[in-house]
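Report on the structure given below.
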Amino acid sequence: MRLIITEKDNAARRIAEILSEGSASASRQNGVNVYRWGNTRVVGLSGHVVGVDFPEEYNDWRDVEPVELIDADVTKEPTQENIVTTLKQLAREADEATIATDYDREGELIGKEAYELIREETDAPVDRVRFSSITEREVRDAFANPDDIDFDLAAAGEARQIIDLVWGAALTRFLSLSARQLGDDFISVGRVQSPTLKLIVDREREIQAFDPEDYWEIFADLQKNGSGFEAQYFYDDDGKEAERVWVEDDADDAYADLTGVDAATVTSVRRRTRTDSPPTPFNTTAFISAASSLGYSAQQAMSIAEELYTTGYITYPRTDNTVYPDDLEEDALLDEFVGAGHFGEDAEKLLEQDDITATEGDEETTDHPPIHPTGEIPPKVDLSDDEWEIYELVVRRFFATVAEAATWEHLRVVADAGGRSLKANGKRLVEPGYHEVYPYSSASENHVPDVEEGEELAISEVRMEAKQTQPPRRYGQSRLIQTMEDKGLGTKSTRHNSIEKLYDRGYIEGDPPRPTTLAMAVVEAAEEFADHVVSDEMTARLEADMTAIANGEESLDTVADESREMLKRVFDELRDSREEIGEHLQESLKADKTLGPCPKCGEDMLVRRSRQGSYFVGCDGFPECRNTLPLPSTGEPQVLEDHCEEHDMHHVKMLAGRDTFVHGCPRCEAEKADESEDEVIGPCPECGVAPEEQRGDGDEAEGGELAIKHLRSGSRLVGCTRYPDCDYSLPLPRNGDISVTEAFCEEHDLPELVIDADSDDPWELGCPICNYEEYQARTAVEDLEDLSGIGSATAEKLGDAGVDSLAALREADPDIVATEVQGVSATQVREWQDELEA
DNA sequence: GCAAGGTC
């Protein structure tokens with residue numbers, strides 16, 4: 001039997017299709033897809049299926065000195081048991097095996113890991129094929145010319161694994177132990193995350209140190225044929241043109257001169273034609289950046305792209321390449337879009353061009369083609385609005401790369417008024433070119449009318465504006481990813497995750513991300529004692545070492561040992577400063593949790609966590625002062641910069657994914673609840689007076705009533721007046737005025753409610769019981785979507801079939817028990833759905 | 001429980 005191993009299931013399926021000419025069939029083994037035809041089997045891994053770690057005896061952070069990790073063994077253990085088992089079972093039957101993982105360094109290492117698992121079972125020959133895109137031609141070529149695994153290249157990847165683990169784990173444990181942060185809130189550092197964090201921290205330092213300067217700008221409106229245009233005052237600053245006037249008296253003088261005359265005389269008119277080249281093909285970074293200008297975070301953009309890739313509508317979204325492969329036929333791909341409603345006309349127009357040649361970027365790699373549509377076009381109804389918007393972006397980017405350049409006409413007019421110079425720059429799009437098919441990049445014009453030298457233009461108004469220089473801007477997520485790429489930090493697959501990790505670790509907040517006090521302290525500590533780990537030089541050095549290993553000039557052991565020696569020297573420095581570092585980190589952690597002074601004793605009020613795990617606001621003077629305030633029960637609290645004037649307290653935001661909301665000032669919220677009275681609306685269905693026939697034998701009518709209640713934590717609910725004896729309750733929305741209407745629900749004996757009755761668009765919530773029942777039915781379907789990553793249409797169908805939870809899914813198919821929730825692909829869910837329907 | 005890198 002011949003065994004072929006790919007990096008992912010999708011690649012396995014497509015390679016099987018190509019090599020078998022469509023005759024391959026799929027079956028499942030230990031929950032893993034295996035494609036087969038004749039004597040051949042193809043199995044897809046899930047990236048790395050083994051991972052590096054320390055032996056078990058190093059697991060306890062308290063028992064092991066962090067420095068001991070430096071010389072600890074590094075072992076490789078399976079992390080994807082099902083796939084490893086399947087691979088080994090298949091290997092036992094194999095006479096030959098072919099590694100067909102991705103064509104890059106990490107792919108070589110993943111291939112070598114598969115090779116070693118195969119070697120545990122058989123001595124059958126193992127070869128390696130390399131291809132940059134899964135097209136018929138490339139795949140057939142590759143399989144016709146097999147090569148060997150490049151063990152040196154794989155060793156380069158292993159050096160990275162070992163160095164990252166040893167540095168990351170040893171320093172992470174050291175900082176966490178020194179600050180006594182051992183739970184979920186440990187303090188992490190790493191080769192990629194820490195230099196990335198330093199970028200953000202350095203920018204914040206510049207902002208904090210920034211000293212704004214005053215300057216003035218002067219504008220004049222000039223008239224031509226009854227319509228006006230704006231011109232700006234400028235002067236010659238040592239041969240350079242300057243618009244900013246730094247001295248107020250100078251600005252006043254210029255303003256006085258300009259207002260002293262009624263007209264300006266045109267002294268020069270210059271026209272220039274500029275070519276505006278179409279953009280280059282999308283790699284991951286360029287894609288994230290384009291999606292970000294549509295309002296998507298890096299993480300959102302990538303997960304939508306991954307979904308579009310798995311469903312077959314776009315190519316692999318993780319790529320460094322910006323040059324389309326030779327066998328991408330641009331006109332054939334355009335042809336697919338002809339007649340496809342939304343895109344048809346644009347595709348036809350592009351096909352009419354004399355020459356269809358795509359642009360090329362600077363980066364040409366072997367990993368994957370640039371991101372482009374596959375030519376399989378989804379019906380719009382099958383995608384969510386977001387998915388469609390991203391899909392359209394990818395399609396239009398492809399269109400743009402084969403479209404013609406745009407041309408602009410630039411018009412520059414200089415005029416003299418009272419001895420002062422004015423200028424106006426106009427911009428007109430003469431040939432729209434690619435802008436016609438790619439509306440995302442700016443094509444805005446600035447109208448300046450045709451004028452001639454010597455012409456007199458009336459001045460209708462002169463304005464002087466006092467301004468201040470602005471501090472540098474914070475990095476936005478896509479700018480940060482771009483900078484990481486420039487500095488070689490992370491990879492196309494990991495950069496967006498690294499940023500997400502900084503959020504999770506409590507190092508950055510908000511968008512654009514701001515560093516927390518803790519982040520500043522971590523970077524400071526690292527700069528002082530382990531400068532290497534916050535500098536991008538560590539990555540540069542590692543890259544150089546990896547290249548040397550890949551070229552056979554250095555050995556993995558030498559490189560790893562040198563790195564270990566370097567880390568030992570770092571620990572020599574750290575040893576004596578443990579206390580000092582710990583204290584600094586602890587103070588910073590406290591600063592991030594501080595809301596303001598306690599009204600009872602003046603100490604700080606802090607966000608704290610109870611033993612049960614819920615958050616509340618408590619006084620730092622505990623146990624002497626026992627003052628507390630409640631916080632909402634959902635989400636992780638985050639202290640905002642916003643501030644309540646009345647109570648001198650920072651506002652709090654509760655982070656809970658899509659349910660994130662701003663709680664505001666905890667004292668205001670508590671006081672609001674104290675001042676409001678419960679509003680009774682009807683009988684409690686659990687313990688109120690109900691008609692005799694609706695009551696079960698054991699039920700007792702205690703006379704409980706339902707009331708609208710405001711809790712001190714800021715939440716509102718409809719609850720029983722006999723609480724806590726009866727804990728019946730229904731949730732109400734957090735925001736908006738609640739009013740009770742005349743309309744009445746006969747079934748539940750309750751009035752209908754309206755939220756925000758005063759606004760133009762009130763929400764008619766209706767009977768609170770009916771509303772809650774509808775809400776539960778709706779969220780069951782949403783939960784299912786979240787669990788399985790399936791589309792809403794499928795989830796609804798499953799809901800209709802009575803499957804409303806993962807547990808129900810498992811009941812329907814015991815095989816699912818072995819599958820990780822996150823590992824459930826859309827294809828699998830569709831299979832289960834088919835089974836259920838049959 | 002630590003990293004970064006694959007993958008879902």
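A donor and an acceptor atom, one from each side chain of Arg578(A) and Ser178(A), are nowhere located under 3.5 Å apart.
Each of dA3(B), dG5(B), dT7(B) was ranked by its minimum atom distance to the side chain of Val52(A); first place goes to dA3(B). For Lys501(A), whose side chain is taken as the heavy atoms from C-beta onward, the closest listed nucleotide among dA4(B), dG6(B), dT7(B) is dA4(B). Picking from dT7(B), dA4(B), dC2(B) the nucleotide with the shortest atom distance to the side chain of Asp164(A) gives dA4(B). The listed nucleotides are dA3(B), dG5(B), dT7(B); the one nearest the side chain of Thr172(A) is dA3(B). For Asn497(A), whose side chain is taken as the heavy atoms from C-beta onward, the closest listed nucleotide among dT7(B), dG5(B), dC2(B) is dT7(B). Nearest to the side chain of Lys8(A), among dC2(B), dG5(B), dT7(B), sits dT7(B).
Proximity of Gln193(A) to the phosphate of dA4(B): a side-chain N or O atom is located under 4.0 Å from OP1 or OP2. For dC8(B), the OP1/OP2 oxygens have no side-chain nitrogen or oxygen of Ser46(A) closer than 4.0 Å. Residue Gln80(A) places none of its side-chain N or O atoms closer than 4.0 Å to OP1 or OP2 of dT7(B). Within the structure, every side-chain polar atom (N or O) of Thr101(A) is placed at least 4.0 Å from both OP1 and OP2 of dG6(B). A close approach under 4.0 Å does occur between a side-chain nitrogen or oxygen of Arg505(A) and OP1 or OP2 of dA3(B). Taking 4.0 angstrom as the limit, Ser303(A) places none of its side-chain polar atoms (N or O) nearer than this to OP1 or OP2 of dC8(B). Between Thr491(A) and the phosphate of dG6(B), there is a side-chain N or O to OP1/OP2 separation shorter than 4.0 Å. The shortest distance between the side-chain N/O atoms of Arg191(A) and the OP1/OP2 oxygens of dG5(B) is below 4.0 Å.
Place Ile110(A) and Phe54(A) on DNA chain B by their nearest nucleotides, and Phe54(A) ends up nearer the 5' end. The residue among Arg318(A) and Leu69(A) whose nearest nucleotide of DNA chain B lies closer to the 5′ end is Leu69(A).
Backbone-only engagement by Glu306(A) is indicated by non-hydrogen atom pairs under 4.0 Å involving sugar-phosphate atoms exclusively. The residue Trp167(A) sits apart from the nucleic acid: no heavy atom pair falls under 4.0 Å.
Distance CG (Leu165(A)) to P (dC2(B)): 12 Å, rounded to an integer number of Å. The CD1 atom of Ile162(A) sits 14 Å away from the C1' atom of dG5(B) (whole-angstrom rounding).
In this structure, the separation between CZ on Arg41(A) and OG1 on Thr86(A) is 13.5 Å, given to the nearest 0.5 Å.
A search for side-chain hydrogen bond (donor to acceptor under 3.5 Å, both in side chains) contacts involving Glu389(A) returns Tyr296(A), not counting sequence neighbours.
The aromatic rings of Trp167(A) and His532(A) are tilted relative to each other, their planes meeting at an angle between 30° and 60°.
Figure legend: cation-pi geometry between Lys8(A) and Tyr316(A), with NZ or CZ positioned under 6.0 Å from the six-membered ring centre and within 45° of its axis.
Interface remark: the Asp53(A) side chain does form a donor-acceptor pair with the dC2(B) base, using a distance-only criterion of under 3.5 Å.
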